[in-house]
Number of protein chains: 2
Amino acid sequence: MSKQGVSPPAVDLTADEPCCPPLAQRRVPAETAAVLAPAFKALGDPVRLQLMSMIASAEGGEVCVCELTPSFDLSGPTISHHLKTLREAGLVDAERRGTWVYYRARPAILRQLALLLTVELTPVA
Amino acid sequence: MSKQGVSPPAVDLTADEPCCPPLAQRRVPAETAAVLAPAFKALGDPVRLQLMSMIASAEGGEVCVCELTPSFDLSGPTISHHLKTLREAGLVDAERRGTWVYYRARPAILRQLALLLTVELTPVA
DNA sequence: TCTCTGATTCGACGGGCGTCGAGACAGGCG
DNA sequence: CGCCTGTCTCGACGCCCGTCGAATCAGAGA
């Protein structure tokens, strides 16, 4: 579903198939790191981590911004800015319906990040 | 480096038992987010992500700094700074043996981060 | 002890990030 | 149409972060 076939394969985080083996299994190459790091970076802020969780755990799979904002002691523009960051990191999707904007999580990329951090139960010992 | 026998229990990422359910299962509370976000933040830099991978995937479970540094076009102090960041995030441990310093991964925290990002295979659709 | 090598700390520089208020945009409703 | 509510964009501010070179620390060895 991606526009593969082109030269720069890079890493497609939106794809549903795993892009990379666990970080502890094989050295993450520089290009892969360059693609994955921004996703972790986006989760590297407490507010965004909570936002991500609120969105991902929402019933019906989506949340209105108007439900998100009042949960924080932050201005509307600031929440909007964080949501944009999550959006640009590919972690969430936004859709406007009437006056309200709804956000939903992108499970594929979350799964890939989880896979990357996976460690075998018996490392070697 | 583990000084401060602080009182606040907060969340212990070094513990072997899971501290928190998947982010998509239940809303991550603010205190938990405050503890977990720094770990993601530490992984949010391409160089640190590669370092983490090199350390975690190392044979024997540890790597000498002298093996890490030449893999990057960065000065020694810069690599040392990134390693310190990973250390302070609780992602790795350092041990000096003679002239050299060896780093090893802390699997427990990696597992907890992976668990946090875990999404069920059938969200809802 | 003196010296050499490996690693960290220190101080500085430039750019990026989180936050805000003010303003712009979108859409529903009188 | 005009207004109101919800959301985003735009500048601006201060702080943090990634990078460097120079200096410092830790051990090994002569």
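Residue numbers start from 1 in every chain, and the chains themselves are labelled A, B, ... in the order their sequence lines are given, proteins ahead of strands.
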Asker: So, is A:K41 near the phosphate of C:dC17, with a side-chain N or O under 4.0 Å from OP1 or OP2?
Answerer: yes
Asker: I need the A:K84 NZ to A:R87 CZ distance, nearest 0.5 Å.
Answerer: 7.0 Å
Asker: For A:E88 and C:dC17, what is the distance between atoms CD and C1' respectively, to the nearest whole Å?
Answerer: 13 Å
Asker: When all nucleic acid strands are considered with a 4.0 Å heavy-atom cut-off, which category describes A:Y103: base, sugar-phosphate, or nothing?
Answerer: sugar-phosphate
Asker: Between B:Y102 (OH) and C:dT8 (P), how many Å, whole number?
Answerer: 13 Å
Asker: What distance do A:T118 atom OG1 and B:L113 atom CG have between them, rounded to the nearest 0.5 Å?
Answerer: 10.5 Å
Asker: Same cluster or not: A:V65 versus A:Y102, using hydrophobic residues (I, L, V, M, F, W, Y) connected whenever any side-chain heavy atoms lie under 4.5 Å apart?
Answerer: no
Asker: Let's see if you get this right: which residues in residues 72-84 of chain A place a heavy atom under 4.0 Å from DNA chain C?
Answerer: A:D73, A:L74, A:S75, A:P77, A:T78, A:H81, A:H82
Asker: Has the side chain of B:R48 got a donor or acceptor atom that lies under 3.5 Å from a matching backbone atom of B:Q50?
Answerer: no
Asker: Pick out the pairs of N or O atoms, protein on one side and nucleotides 24-30 of chain D on the other, that lie under 3.5 Å.
Answerer:
none

Asker: Find the distance B:D45:CG to D:dC16:C1' and express it as a whole number of Å.
Answerer: 14 Å
Asker: Run the salt bridge (Lys or Arg N to Asp or Glu O under 4.0 Å) check on A:R106 and A:D93 step by step: do they pass?
Answerer: CA-CA 7 Å; A:R106 294 172 83 73; A:D93 261 338; 2.2 Å; yes
Asker: Distance from A:C64 atom SG to A:I55 atom CD1, nearest 0.5 Å?
Answerer: 11.0 Å
Asker: Salt bridge or not between A:R97 and A:E62? Use side-chain N to carboxylate O under 4.0 Å.
Answerer: yes
Asker: Separation of A:L43 atom CG from C:dC17 atom P, in whole Å?
Answerer: 15 Å
Asker: Please name the pair of heavy atoms, one in B:M52 and one in B:L110, separated by the smallest distance, quoted to 0.1 Å.
Answerer: CE-CD1, 3.8 Å
